[in-house]
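Numbering of residues begins at 1 and proceeds along the displayed sequence.
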Amino acid sequence: MTRDEMEQRADFYALMTGRACDKQRFFECMQLALSTFVYSDLPDTMPAEYLEGYLICNGTVGIGKIKDKLYCAPGGFCGDYNGYLPDSYLAEVLNVGTLSGKWGTDLVVGWNNATRTPDFDIMQTGNILKTIDKSELIVTIFTRLLRIPKAASDAEAEAIDAAICKLLDGDLHAVASDNTLQDILQDIGSGRSDNRFLDLVDPQQVDQLQYLNQYHDNVLKRFLLRRGHAMQITSKLAQQTNAEMHGTDAVCMIYPLQQLHYRELMCKQINDMFGTTISVQFNDLVKNAYDIAVNYVPDELNEREVISDEDKDDNAAGSAPDTAEPAGSDGDSD
């Protein structure tokens, strides 16, 4: 693992354990990811949200006993290579103890996926959504601003500020002062080029909100698509069949099925080593999406019309053009 990968994983784990702030969108995406799998018969010392959270944020998790109680903690591989990976694992359970030893012999190591990597797209998606939120806020503010009068003195500025505050409170008759209003009217009437207003309003930018909202939805759909929720990003085209549209039903299950495989393997190893009955499965929504993807049968009534070979021959015979005589022929034959 490179230094950049180690730092990225450390930052990711810091987010999961709360050592970072201002990451609302990250935690929203994290909640969606944590809901993918449901565990049964886990001991009280190994809560599902921590077991699953460590897998998602660290890529691996160690499971073993400390003082006859089963714990889980994120750590890393160490020891001698067994041909592919180091044969040992080390993890620290805060204020409890250390999980260490050979994986498969002294403790169990669970994998998040085949590459034993965290779901970095959670951080990426959270940052993109947060940026979209900022853009939407800026566009919204600039569609609400009014022309702000410029003051020629501190006293005039205070009077303008007081007038604006009254206007915001609903006092529509408030003015800055007699002199200020008179000066502004004189400037307008005399055609002076001196602009007494700061023009900050740009109401046309409100059109950008619909594109930002659509971008937000597409980013979120892309995130959910990877986790088993077949949400179409584009609308159905007239030339598309339902079978083509439902192709995403199967694609969206590829990664969740891989994750489920390694979680089932982890549970089996824990049960064999420690005599537990832990199990894992998809949540009801992902399970339903899986059933649809596996059992989908195209509805012929909604598919493009299928023309038989016999009908094709009849259509071809009925639409064949008449054979035209060569240009310049007089119709006589020798």
Side-chain angles (χ1 to χ4, degrees), residues 1 5-6 8-20 26-27 29-79 82 85-123 227 255-283 286:
M1 183 185 301
E5 290 174 335
M6 293 177 63
Q8 189 175 18
R9 183 174 298 193
D11 291 342
F12 201 5
Y13 178 65
L15 289 171
M16 193 270 171
T17 54
R19 293 201 296 269
F26 167 84
F27 286 110
C29 293
M30 189 69 185
Q31 292 290 346
L32 293 172
L34 285 172
S35 67
T36 304
F37 301 99
V38 179
Y39 290 85
S40 300
D41 297 333
L42 282 174
D44 295 337
T45 52
M46 198 164 65
E49 62 270 23
Y50 285 93
L51 176 62
E52 188 64 24
Y54 294 151
L55 283 169
I56 292 174
C57 291
N58 190 62
T60 60
V61 64
I63 300 101
K65 282 192 173 182
I66 300 177
K67 299 177 181 179
D68 296 328
K69 292 184 178 181
L70 207 58
Y71 290 93
C72 64
F77 292 99
C78 57
N82 59 9
L85 289 169
D87 61 0
S88 300
Y89 194 85
L90 177 64
E92 181 71 22
V93 183
L94 298 178
N95 298 324
V96 177
T98 301
L99 295 172
S100 63
K102 291 188 176 182
W103 53 282
T105 302
D106 303 314
L107 74 167
V108 173
V109 177
W111 296 4
N112 181 44
N113 47 41
T115 54
R116 303 168 300 283
T117 52
D119 288 342
F120 289 117
D121 66 323
I122 296 178
M123 182 183 296
R227 279 157 182 80
Y255 184 62
L257 280 172
Q258 183 186 104
Q259 288 183 301
L260 179 63
H261 167 72
Y262 285 103
R263 282 158 175 76
E264 289 177 335
L265 180 61
M266 174 186 68
C267 292
K268 181 180 183 303
Q269 292 174 345
I270 296 174
N271 294 337
D272 292 342
M273 184 175 295
F274 301 107
T276 55
T277 58
I278 300 171
S279 62
V280 62
Q281 61 180 349
F282 287 134
N283 70 25
V286 180

> So which heavy atom on Ala33 is nearest to which on Ile122, and how close?
CB-CD1, 3.7 Å
> Indicate yes or no: at least one non-hydrogen side-chain atom of Leu107 is less than 4.5 angstrom from one of Tyr71.
no
> Nearest heavy-atom pair of Gly110 and Met266: which atoms, and what distance?
CA-SD, 3.6 Å
> Indicate whether the side chain of Thr117 and that of Thr115 have a donor and an acceptor atom separated by less than 3.5 Å.
yes
> Does the side chain of Ile63 come within less than 4.5 Å of Met46's, by heavy atoms?
yes
> If we only count heavy atoms from C-beta on, is the Leu99 to Tyr89 side-chain gap below 4.5 Å?
no
> Side-chain contact, heavy-atom cut-off 4.5 Å: Asp87 with Thr105?
no
> Which atoms form the tightest heavy-atom contact between Leu90 and Thr98, and what is the distance?
CD1-CG2, 3.4 Å
> Are Asn112 and Arg263 close enough that some pair of their side-chain heavy atoms sits under 4.5 Å apart?
yes
> Do Val280 and Gln259 touch side chain to side chain, with heavy atoms closer than 4.5 Å?
no
> Looking only at heavy atoms, what is the nearest atom pair of Thr60 and Gly75, with distance?
OG1-O, 3.8 Å
> Can you confirm whether Arg116 sits close enough to Tyr262 that some side-chain heavy atom of one is under 4.5 Å from a side-chain heavy atom of the other?
no
> Angle between ring planes, Trp103 versus Trp111, binned at 30° and 60°: parallel, tilted or perpendicular?
tilted
> Heavy atoms only: give me the nearest Gly79-Pro86 pair and the separation to one decimal.
O-CB, 4.1 Å
> Could you pull out the closest heavy-atom pair between Ile66 and Val96, with the gap in Å?
CG2-CG1, 3.8 Å
> Within the structure provided, determine whether Cys267 and Ser279 are in side-chain contact (heavy-atom separation under 4.5 Å).
no
